[in-house]
Amino acid sequence: MTEEKSLNFIEEIIEEDLRNGVHQKIKTRFPPEPNGYLHIGHAKSIVLNFGLAIKYGGTTNLRFDDTNPVTEDTEYVDSIKEDIQWLGYTWANEYYASDYFETLYDYAVSLINKGLAYVDDSSAEKIAAEKGTPTTPGQSNEYRNRSIEENLTLFKEMREGKYRDGEKVLRAKIDMAAPNMHMRDPVIYRIKHAHHHRTGDKWCIYPMYDFAHGQSDSIENITHSICTLEFIPHRPLYDWFIEKLEIFPSHQYEFARLNMTHTVMSKRRLMQLVNQGFVSGWDDPRMPTISGLRRKGYTPSSIRTFCDKIGVAKRDNLIDISLLEFCVREELNQTAPRVMAVLDPVKLIIDNYDPDKSEYLETESFPNQPEMVRKVSFSNTLWIEQSDFMEEPMKKWFRLAPGATVRLKSAYIIKCESFKKNADGQVTEIHATYLPESKSGADHSGMKVKGTIHWVDAKNAQSAEVRLYDRLFTSENPAIEENFLEHINPDSLVVKQAYIENGTAAKPGAHFQFVRTGYFCVDKDSGEKLIFNRTTTLKEGFKPKE
RNA sequence: UGUCCCAUAGUAUAACGGUAGUACGACAGACUCUGACUCUGUUUGUCGAGGUUCGAAUCCUCGUGGGACAACCA
């Protein structure tokens with residue numbers, strides 16, 4: 001039985017490199033910028049990079065791309081590390097681009113010495129103007145012909161803090177008429193008198209991404225540097241620096257980033273959701289962040305499975321969020337203990353059950369492990385779901401209705417005898433009679449009922465706050481809408497005051513399946529008062545027809 | 001009027017010149033003390049036109065469509 005999974009294009013490249021002896025071992029890296037929280041899109045990259053190294057016996061470095069001190073912070077470093085570990089991965093080394101500032105500086109000097117870099121005194125505006133447009137070539141300026149000596153002196157003075165922010169930059173001297181805009185003498189060093197989260201005030205010049213990333217890969221001997229599609233036009237530059245600097249030839253490969261329906265993924269938009277209070281924070285369970293998904297009840301393996309299933313390719317994609325939900329259901333169905341909870345309670349009174357009596361009934365906690373059982377309290381007064389009763393049942397209605405019989409899960413068969421409504425027409429109380437001989441596990445009634453409903457003993461229940469989360473956006477692809485904020489789902493969070501079986505061992509992070517209603521996870525804020533977050537619903541098989 | 005990337009069921013992703021397959025979704029049925037799970041079945045696809053070839057989703061050309069690139073961001 002060979003379960004042969006086809007290779008993605010990166011795996012094909014790696015296998016060919018290994019086969020041809022281009023590399024003996026592969027090295028990958030995950031290079032986040034510590035300026036935000038990781039999201040499910042990053043998870044795709046993490047699973048790819050770490051997964052490749054594991055599959056082919058290589059290693060993966062965690063490298064923080066911290067070349068812009070004004071946006072970066074250790075707060076993000078910590079959360080990123082936590083999320084990667086939570087996902088189940090261990091990095092071989094923890095590095096920072098800032099570890100290489102001295103080396104990078106030397107690289108820049110060597111470029112100057114080769115006549116391949118120059119100091120430009122122009123303003124940012126002038127440089128942008130001279131760069132041309134994608135369809136018109138750029139123009140060079142008077143600084144392009146400065147002597148090597150002058151460039152050396154100026155660059156040294158930049159480092160020494162002799163100039164203010166924006167007064168000068170170091171540029172690579174390539175080709176102002178190149179059809180690829182990134183090759184039109186890109187800026188490689190800029191002056192920023194800013195405090196860096198790691199190097200403090202040691203530097204006032206910082207390398208740009210293009211002058212840091214590839215070289216960092218090279219310094220670490222990264223064999224396969226995997227990034228997203230938007231870096232394709234940077235690749236010629238990536239290769240140019242490595243070639244001119246004559247350093248280890250790392251290679252860049254690009255794959256399509258993850259997009260998901262009913263979700264936004266860009267840091268900018270996610271930041272807006274947080275800052276404008278549409279969600280409670282970066283770890284709000286509606287956020288596609290790793291911390292949000294974790295709080296919502298997603299497990300590391302369900303996220304890994306998801307990343308595995310979506311594949312890796314180069315075409316733009318929009319993955320249906322139902323695939324993510326499928327992955328977590330598939331796992332939780334096996335691992336989450338069942339428990340009964342009633343989210344929209346209505347009282348059910350069993351008229352022929354002794355009001356002074358109560359009993360404990362056995363019920364299974366895992367349907368596929370019949371030996372895993374627990375006892376649930378039962379009496380003449382129960383909570384059941386409002387939605388399990390219909391005054392005038394539709395066709396194919398298996399649940400409760402006047403005169404209808406139904407099985408109370410793990411208890412008795414009951415027959416609805418009457419009900420009460422309030423002035424608003426809302427059902428407030430349902431009366432039923434039960435069949436004593438229909439007790440679950442010892443059913444001698446000979447009756448067959450179509451429906452089974454869940455319940456909680458009203459005389460012995462605990463209350464809980466249950467947070468029902470739904471997709472954050474009603475639009476399938478909010479990112480392409482004019483104003484994505486207008487497409488926020490007003491019902492993305494509905495809070496219920498529910499009843500749950502007494503004695504449920506609900507520690508923060510614990511997963512449960514509320515029988516017939518979905519998967520839930522105990523929130524981190526849960527304490528005296530239990531708080532549950534809905535991870536996802538059960539697949540809905542009942543679809544009423546007109 | 002540039003350069004680059006991409007194009008296979010609704011959504012993703014395989015098929016590496018030789019029978020277009022898989023997953024999710026949808027639909028139908030079986031089972032069911034969760035209308036869940038499980039099982040069975042159905043549905044829908046190679047962007048277009050040429051060319052090469054015994055044979056093209058695959059190679060070539062030209063279209064068409066989508067995307068990326070003009071931060072002292074990454």
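Proteins come first, then strands; the chains are lettered A, B, ... in the order of their sequence lines, and each starts at number 1. Values reported hereafter were calculated over all heavy atoms of this structure, with side chains retained and with hydrogens, waters and symmetry mates removed.
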Return the value, rounded to whole Å, for the distance between atom [atom1] of [X] and atom [atom2] of [N].
X	N	atom1	atom2	value
E230(A)	C5(B)	CD	C1'	12 Å
N35(A)	A74(B)	CG	C1'	7 Å
M176(A)	U3(B)	CE	P	19 Å
N317(A)	C6(B)	CG	C1'	12 Å
L323(A)	A26(B)	CG	P	12 Å
F255(A)	C5(B)	CZ	C1'	15 Å
E254(A)	A74(B)	CD	C1'	15 Å
I232(A)	G67(B)	CD1	P	15 Å

### Message
Tell me the closest heavy-atom pair linking K439(A) and R407(A), and the distance in Å.
### Response
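For K439(A) versus R407(A), the nearest heavy atoms are C-NH1, 4.1 Å.
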### Query
If every non-hydrogen atom of D175(A) is compared with every non-hydrogen atom of R144(A), which pair is closest and at what distance?
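Closest approach of D175(A) to R144(A), heavy atoms only: N-NH2, 3.8 Å.
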For [N] and [M], measure between their [atom1] atoms and round to the nearest Å.
N	M	atom1	value
A9(B)	U42(B)	C1'	14 Å
U38(B)	G25(B)	P	10 Å
A23(B)	A14(B)	P	15 Å
U43(B)	C4(B)	P	43 Å
U22(B)	U8(B)	C1'	13 Å
A20(B)	U13(B)	P	22 Å
G21(B)	A57(B)	C1'	13 Å
C60(B)	U44(B)	P	32 Å

### Message
Taking 4.0 Å as the cut-off, does a side-chain nitrogen or oxygen of R315(A) come that near to OP1 or OP2 on A14(B)?
### Response
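Checking R315(A) against A14(B): at least one side-chain N or O falls below 4.0 Å of OP1 or OP2.
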How would you label the contact of [X] with the nucleic acid (heavy atoms, under 4.0 Å): base, sugar-phosphate, or nothing?
X	result
I413(A)	nothing
N180(A)	nothing
Y206(A)	nothing
S123(A)	base
V70(A)	nothing
H213(A)	nothing
T305(A)	nothing
A124(A)	base
K168(A)	nothing

### Query
Hey, is OH on Y360(A) packed in by over 12 heavy atoms from elsewhere, all under 6.0 Å?
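Open.
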### Atom NZ of K162(A) with >12 non-hydrogen neighbours under 6.0 angstrom
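Result for NZ/K162(A): open.
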### Task
Please name the residue in the list R171(A), R146(A), R164(A) that meets the salt bridge (Lys or Arg N to Asp or Glu O under 4.0 Å) test with D121(A).
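Looking at R171(A), R146(A), R164(A), the match for D121(A) under the salt bridge (Lys or Arg N to Asp or Glu O under 4.0 Å) is R146(A).
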### Message
Is it true that S45(A) and N49(A) share a donor-acceptor pair across their side chains at a distance under 3.5 Å?
### Response
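Indeed, the side chains of N49(A) and S45(A) share at least one donor-acceptor pair under 3.5 Å.
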### Task
Return the orientation label for the Y105(A) and F155(A) ring planes: parallel under 30°, perpendicular over 60°, tilted otherwise.
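Parallel, since the angle between the ring planes stays under 30°.
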#### Entry: Residue met sooner reading RNA chain B from 5', once R235(A) and L7(A) are mapped to nucleotides
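Its nearest nucleotide being more 5', the pick is R235(A).
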### Query
Mapping S322(A) and K267(A) onto RNA chain B by nearest heavy atom, which one lands closer to the 5' end?
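Nearer the 5' end of the strand: S322(A).
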Using ring centroids (six-membered ring only for Trp), state whether [Y] and [X] fall under 6.0 Å.
X	Y	value
F512(A)	F520(A)	no
H511(A)	Y519(A)	no
Y238(A)	H234(A)	no
Y100(A)	Y107(A)	no

By nearest atom, which of the nucleotides [options] is closest to the [X] side chain?
X	options	value
P179(A)	G2(B), A70(B), C4(B)	G2(B)
F326(A)	A74(B), C69(B), C24(B)	C24(B)
M181(A)	A14(B), A74(B), A70(B)	A70(B)
K131(A)	C6(B), C72(B), A74(B)	C72(B)
P134(A)	A74(B), A70(B), A14(B)	A70(B)
V187(A)	A12(B), C72(B), A70(B)	C72(B)
T133(A)	C5(B), A14(B), A70(B)	A70(B)

### Query
Has the side chain of H234(A) got a donor or acceptor atom sitting under 3.5 Å from an opposite partner on the base of A74(B)?
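Per atom types, the contact qualifies.
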### Query
What distance separates L170(A) CG from L154(A) CG, expressed to the nearest 0.5 Å?
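So the CG of L170(A) and the CG of L154(A) are separated by 9.5 Å.
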### Message
Taking side chain to side chain donor-acceptor pair (under 3.5 Å) as the definition, give me every residue that meets it alongside T363(A), ordered by chain and number, with sequence neighbours left out.
### Response
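T363(A) satisfies side chain to side chain donor-acceptor pair (under 3.5 Å) with S410(A) only.
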## Note on the structure
Readout for nucleotides 31-44 of chain B: B = base within 4.0 Å of protein heavy atom, S = sugar-phosphate only, - = neither; 5' to 3' it is --BBBSS-------
### Query
In dot-bracket, 5' to 3', how would RNA chain B read with Watson-Crick or G-U wobble pairs under 3.5 Å, [ ] for crossing ones and | for pairs to another strand?
.((((((..((((....[..)))).(((((.......)))))....(((((..]....))))))))))).....
